[in-house]
Amino acid sequence: MQGSCAITNKNSTYKISNQYNVSIYRDFWGIPYIKGKTDQDVAYGIGLVHAEDAYEDLVELMPLYRGKNAIYNGLDSIDTDYLVRLLKIHSKVKNIGKQQLSQNILSMAQAYADGVNMYANTHPDKVDLSIHPVTQDDVLAGSYIQHLFFAGLDRDLAQMTAQDETSIPTGSNAIAINSTKTDSNASYLLINSHQPLSGPVGWYELNIESESGWHGHGGNFPGSFLINVGFNKNIGWGATVNRPDVMDIFELTINPNNADQYLLDDKWESFEIEEDKLAFKLFGFLRWSTKQKFRYSKFGPVIEINGKYFALRHVNQSSFNEIEGWYEISKTRNVYEFEKQLAKRKIPSFNFVTMDSDRNIGYFYNGRIPNRNDALKARQIISSSSSKDIWDEKDLVNNLPKFINPSNGWIQSTNQNPFSVMGEHSLKEKSMKKNVHFEQRLTNRSYVANELLSINESIDLDKFIAIKFDNSYSKNSRQYKYLESIMEYDTNLKLEMQKWNGKTDFNNTNASLAMCFMAQEWISEMNSKPTPTYQAAKKECDSLFKEIQRNYTDPWSKINTISRGSRIYPIQGSVDTLRAVYGSPNSDTKSLNMSGGDGLFFIIAEEDSGKVIYGMHNYGSSRNESSVHYSDQTFLFSQEALRFIPTSL
């Protein structure tokens, strides 16, 4: 290790690269409506409002994006710095990203950074001056890194370790129905992507309008100058997380006589080795650095874990085009234009459900999936030394599942197998191909949505809203069948199951025990772990209820809550219900307090009388505790109320 000292230059005036013509209005709820002459003006405005409303969340991940996490957050954070350097993210920003992306997008990234820095210029007492100036490179690197994680990089990396780490899962819902299913010539769209309720990837609501024609209302995350889910004047789109296989992990065979060589086509091949220093901070003030080796193989960059060497090959390792892809879909005018833009495969993952003003609806399973010789095998770590397993990142699977204006009149995407988005109507389209493997999982939400939408009756707006807030479990779901399998071990559980109606509503006194068992199964499945035994699940449930000082027979309103600051409210729904509520035990609220799931949502109704849009945020438009908009939507959200959303001010 080598030691060095550094003094931070806390210059509080940062150069703004351009003059911007932007106006920002806020509605009653504090939602920013940003208008500019150009796209760059709007991006600048987004940077300003993000810094004003969500500064801490905006800069929290900036050290990670810069590969300097360990400098700001200590030695325990050096793993992410190693990964950022191993993947050569910063050199790729310069040598790939700035060559691939259009000048329009690059100047928007710069404008966004300028907006953040302008806030720092005018509010130096409210910012972390050591973080500024935020640069165009920061914005591009942050977008690239976030895209990698949304596409499942962290989940794939977990395969290589034996560490017992469990994350609390979330999910997403998007549902569209048209006149075939409605009671009139109407169409409805639900946009309901689930995220943590707060933090850097908690939804931020905004409205944007540029004279160039870029217009929209929806949600994004602090650090992004684009809209990820939402609607423009002509089309709405929801995104749900899917699991396309966009990365392979190869376990390499290492030469026993030379650890710098690996087997490739029956010959020993030398790693390309680079050396670099990673800096970190000790005791909060001592800055040190350590020299590290970074190995690269024909299979991809290499990580050594417990004496084993793994190569990573990601389909987006040389692509920054996802940034452009989100911008392009947000400017489409109908389902068919959306399909055309998505077919460019710039965005590496996500399902999309869309509805346009002509009342067309569509579902698209999207992924930058490479053609493989054996796609099922590639879902696991691949022990291979053959160059035939090294796929071409430009040779992509093109014929992905999609359904436009299906004859049944409805589509629902709830993180399930893509051929189950319309129940039996889509199952007949299911096919098995060796070059591509789709996820097979089915969620409780998928079962419930299919059952509710398959009923032979028309759906009006009130019924559509009721489906959005449904808090029940299907007896066909994986979780419910798990309950049935363990009832023989617990007479009390069996008696409670006989009395329980399968719902998680406020006054339900029979939901708690069953829900807790099902939650343990759900968490295990989402984290690719074995189904828990009855004994393990019961032990965990007893511990949770002891921590929150509750009984299994307490009404659900006492057990399930959402809170913001000093405000605490009961909430209906639970793990993997359509009204998705993912809670963590909280001794202060004496409840399972909601931390993720159903958050910002929109309901769009296209009817003969015109278009109406409703929505709600889980907390409010500001993340500043002193703001009136810090928690002004929380009670309404807990009560399943709707907020009218104007498309322009």
Side-chain angles (χ1 to χ4, degrees), residues 166 168-170 197 444-445 448 469-475 477 479-480 482-524 532-599 618-619 631 634-641:
T166 298
I168 300 299
T170 56
L197 298 192
N444 174 70
R445 289 169 289 121
V448 172
F469 289 115
D470 186 89
N471 58 59
S472 68
Y473 286 94
S474 168
K475 290 186 176 181
S477 68
Q479 295 97 313
Y480 200 93
Y482 168 72
L483 268 184
E484 292 178 326
S485 73
I486 63 174
M487 282 194 298
E488 63 180 280
Y489 301 103
D490 192 327
T491 303
N492 186 45
L493 174 61
K494 188 173 184 178
L495 291 174
E496 290 298 314
M497 285 282 290
Q498 291 172 351
K499 294 185 288 184
W500 184 42
N501 62 2
K503 296 184 178 181
T504 52
D505 46 354
F506 287 134
N507 297 320
N508 203 311
T509 58
N510 304 117
S512 299
L513 185 59
M515 181 287 309
C516 192
F517 274 104
M518 290 192 292
Q520 304 314 308
E521 190 280 339
W522 166 256
I523 292 171
S524 296
T533 63
Y534 163 78
Q535 291 79 7
K538 183 65 161 61
K539 182 180 179 180
E540 182 65 22
C541 288
D542 287 346
S543 176
L544 288 176
F545 275 74
K546 182 178 180 180
E547 182 176 350
I548 64 176
Q549 302 175 52
R550 294 294 180 188
N551 298 313
Y552 290 125
T553 55
D554 286 342
W556 192 241
S557 60
K558 297 290 186 183
I559 293 167
N560 212 42
T561 64
I562 182 172
S563 68
R564 182 71 156 169
S566 61
R567 301 181 179 187
I568 306 169
Y569 306 110
I571 189 168
Q572 301 185 130
S574 187
V575 173
D576 198 25
T577 57
L578 286 172
R579 172 63 151 173
V581 177
Y582 301 92
S584 300
N586 187 313
S587 57
D588 293 330
T589 60
K590 294 183 179 180
S591 65
L592 299 175
N593 200 44
M594 187 176 180
S595 58
D598 189 5
N618 48 277
Y619 290 146
S631 59
T634 310
F635 173 72
L636 295 172
F637 180 82
S638 73
Q639 296 299 301
E640 302 175 4

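Predicted, not measured: the structure shown is a model, and the values here were computed from it. Side-chain atoms are counted along with the backbone in the values below, which use heavy atoms only and exclude waters and symmetry mates.
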Asks: Disulfide bond (SG atoms under 2.5 Å apart): which pairs involve residues 566-598, sequence neighbours left out?
Replies: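 As it turns out, there is no disulfide bond (SG atoms under 2.5 Å apart) pair with a partner in residues 566-598 once direct neighbours are skipped.
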Asks: Locate the shortest heavy-atom distance separating L197 from G596; write the atom from each residue and the value.
Replies: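 Between these two residues, the closest heavy atoms are CG-N, 3.8 Å.
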Asks: If we ignore hydrogens and angles and just use 3.5 Å, is the side chain of N560 paired with the main-chain N or O of G573 as donor and acceptor?
Replies: yes
Asks: Could you go through L578 and F469, starting from their C-alpha distance and side-chain angles, then the distance that decides it, and tell me whether this counts as side-chain contact (heavy atoms from CB on, under 4.5 Å)?
Replies: CA-CA 6 Å; L578 286 172; F469 289 115; over 6 Å; no
Asks: Main chain of F637, side chain of Y569: is a donor-acceptor contact present, judged purely on distance under 3.5 Å?
Replies: no
Asks: Give, for atom CD1 of I571 and atom CD of E640, the distance between the pair rounded to the nearest 0.5 Å.
Replies: 7.5 Å
Asks: Can you list everything that forms a salt bridge (charged side-chain N to carboxylate O under 4.0 Å, His left out) with D576? Sequence neighbours excluded, please.
Replies: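 Expected list: R445.
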Asks: Who pairs with E484 by side chain to side chain contact (heavy atoms under 4.5 Å, CB included), at least two apart in sequence or on another chain?
Replies: Y480, K481, M487
Asks: For the side chain of T577 and the backbone of Y473, is there at least one donor-acceptor N/O pair under 3.5 Å apart?
Replies: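 Side chain of T577 to backbone of Y473: no pair is present.
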Asks: To the closest 0.5 Å, what do you measure between CD (E496) and CE (M515)?
Replies: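 One finds 12.5 Å between CD of E496 and CE of M515.
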Asks: So how far is it from D554 CG to S591 OG, rounded to the nearest 0.5 Å?
Replies: 11.5 Å
Asks: With Q520, which residues qualify under side chain to side chain donor-acceptor pair (under 3.5 Å), at least two apart?
Replies: none
Asks: Give the intermediate values and the outcome of side chain to side chain donor-acceptor pair (under 3.5 Å) for residues D505 and Q572.
Replies: CA-CA 5 Å; D505 46 354; Q572 301 185 130; over 6 Å; no
Asks: Considering all heavy atoms of both residues, which atom of D490 and which atom of N492 are nearest to each other, and what is their separation?
Replies: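 So the minimum-distance heavy-atom pair works out to OD1-N, 3.0 Å.
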Asks: Of all the heavy-atom pairs spanning S638 and P570, show the shortest one and how long it is.
Replies: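 Minimum heavy-atom contact is CB-O, 3.5 Å.
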Asks: Sequence neighbours excluded, which residues qualify as side chain to side chain donor-acceptor pair (under 3.5 Å) partners of K546?
Replies: none
Asks: Can you measure from CD1 (I548) to CG (L592) and round to the nearest 0.5 angstrom?
Replies: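 Atom-to-atom, I548:CD1 and L592:CG are 4.5 Å apart.
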Asks: Check whether any side-chain N or O of R567 sits under 3.5 Å from a backbone N or O of S631 as a donor-acceptor pair, and report yes or no.
Replies: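 Judged by distance alone, yes, a pair lies under 3.5 Å.
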Asks: Checking Y534 now: which residues fulfil ring pair (Phe, Tyr, Trp, His ring centres under 6.0 Å) with it, not counting sequence neighbours?
Replies: Y489, F517
Asks: Evaluate the side-chain proximity of E521 to L483: yes if any heavy-atom separation is below 4.5 Å, no if none is.
Replies: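 No - every pair of side-chain heavy atoms lies 4.5 Å or more apart.
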Asks: Going by salt bridge (charged side-chain N to carboxylate O under 4.0 Å, His left out), name the residues that satisfy it together with K590, two or more places apart in sequence or in a different chain.
Replies: none
Asks: Who passes side chain to side chain contact (heavy atoms under 4.5 Å, CB included) against S474, sequence neighbours left out?
Replies: N444, Y447, V448, E451, N476, S477
Asks: Has the side chain of D542 got a donor or acceptor atom that lies under 3.5 Å from a matching backbone atom of K539?
Replies: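 No.
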Asks: By side chain to side chain contact (heavy atoms under 4.5 Å, CB included), which residues pair with A641, not counting sequence neighbours?
Replies: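 With neighbours one apart ignored, the set is M616, L636.
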Asks: Among all residues two or more places apart in sequence or in another chain, which pass the ring pair (Phe, Tyr, Trp, His ring centres under 6.0 Å) test with F506?
Replies: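 Per chain and number, F506 pairs via ring pair (Phe, Tyr, Trp, His ring centres under 6.0 Å) with no residue.
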Asks: Identify, with sequence neighbours excluded, every residue that meets ring pair (Phe, Tyr, Trp, His ring centres under 6.0 Å) alongside Y552.
Replies: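 For Y552 the ring pair (Phe, Tyr, Trp, His ring centres under 6.0 Å) partners, ignoring immediate neighbours, are F545.
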Asks: How long is the span from the OG atom in S563 to the CE atom in M594, to the nearest 0.5 Å?
Replies: 11.0 Å
Asks: Identify the heavy atoms of T533 and A536 that sit nearest to each other, and give their distance.
Replies: OG1-N, 3.1 Å
Asks: Hey, what do you get for CD1 (I559) to CG (L544), rounding to the nearest 0.5 Å?
Replies: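 Going from CD1 on I559 over to CG on L544, the span is 11.0 Å.
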Asks: Not counting sequence neighbours, which residues clear side chain to side chain contact (heavy atoms under 4.5 Å, CB included) with N586? List them please.
Replies: D588, T589, N593
Asks: Side chain to side chain donor-acceptor pair (under 3.5 Å) between N551 and T553: does it pass, once the steps are laid out?
Replies: CA-CA 5 Å; N551 298 313; T553 55; 5.1 Å; no
Asks: Does K503 offer a backbone N or O that forms a donor-acceptor pair with the side chain of N501 under 3.5 Å?
Replies: yes
Asks: For the backbone of N471 and the side chain of T504, can you confirm whether one donor and one acceptor N or O come within less than 3.5 Å of each other?
Replies: yes
